[in-house]
Structure formats: structure tokens, C-alpha cells
Amino acid sequence: MTRRRIAGFLSIVFALALCSLAIAQSKKQIDINSATEEEMVAIGIEKAAAKKIIEARPYRNKSELVSKQLLSRAQYDKLKDLIIAKQAVTIKETPSKPAGK
């Protein structure tokens, strides 16, 4: 009898763990510097705001969405864990050395 209760309890804990993992994976972070309008809408950004965000690219950090008045502080607080602002990688060119010397 005790084994059945323990097994039942463990199966409930396991099911809850799987659910929370599935939720976490479904809400992956998006990059506001490269995300599509559809990706932004999928995480809860309104369509009009998503268009404005795309037009005002690039961003140095995600808090610029508030400072540029693209999102309210309340909207930002709800979304801040779902967004990031990746920086474009720039490659410096090194001067080439003359051949033969």
C-alpha cells in the first residue's frame, strides 16, 4: 500500500516536472534585433508595437524598448525574460603585409 502511494506521488512529481520543462522550452528568448514580427507577437508583443520595434532597430540593450517608448514599463516587465538584444559581430580588417619581403 505504501509503495503504491510513493509510486503515485513520484509519478505526479515527474509529470509536473515535464510540464514545467515544456513551458520553459516553449518560451525561449527572442532577439529583438533579428526576430520577425510573428515571433514577437507569439511572445505577447502587440502587432503594432512589433512593427515599431522592427523599424527602430538596432538596439544595444533590451531596455531601450522602454526608453524609446516602444513598450510601456509594465509591458517590458512582463516580457523582459523572453527577449534579448544580441549585438552584430564586427570583424576588424588587419592590413595585409606586402608579399616578398
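For the numbers below, each heavy atom of this structure counts, side chains included, while hydrogens, waters and symmetry mates do not. Position 1 is the first residue of the sequence, and the numbers go up from there.
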K62 to I32 - nearest heavy-atom pair and separation:
CA-CD1, 3.9 Å
Those residues that, when tested against N61, pass side-chain hydrogen bond (donor to acceptor under 3.5 Å, both in side chains) (two or more places apart):
S63
Using distance only, find each side-chain donor-acceptor pair of residues 46-53 under 3.5 Å and give its atom names and separation, not counting sequence neighbours.
none

Pairs involving residues 63-72, ordered by first then second residue, that meet salt bridge (Lys or Arg N to Asp or Glu O under 4.0 Å) (sequence neighbours left out):
E64-K68
Partner residues of S72 under the side chain to side chain contact (heavy atoms under 4.5 Å, CB included) criterion, sequence neighbours left out
A74, Q75
Go through the structure and list residues passing side chain to side chain contact (heavy atoms under 4.5 Å, CB included) with R5, not counting sequence neighbours.
M1
Restricting to salt bridge (charged side-chain N to carboxylate O under 4.0 Å, His left out), what partner residues turn up for R73, sequence neighbours left out?
D77
With A56, which residues qualify under side chain to side chain contact (heavy atoms under 4.5 Å, CB included), at least two apart?
Y59, L70
Only counting residues at least two apart or in another chain, list the ones meeting side chain to side chain contact (heavy atoms under 4.5 Å, CB included) with T36.
E38, E39
Atom of E37, atom of I54 and distance for their closest heavy-atom approach
N-CD1, 3.6 Å
From NZ (K86) to CG (N33), nearest 0.5 Å:
10.0 Å
If two hydrophobic side chains count as joined below 4.5 Å and joins carry through other members, does V66 share a cluster with L82?
yes
Are side-chain heavy atoms of I83 and I43 found at a separation under 4.5 Å?
yes
Note: D31 and A85 closest approach over all heavy atoms is OD1-CA, 3.6 Å
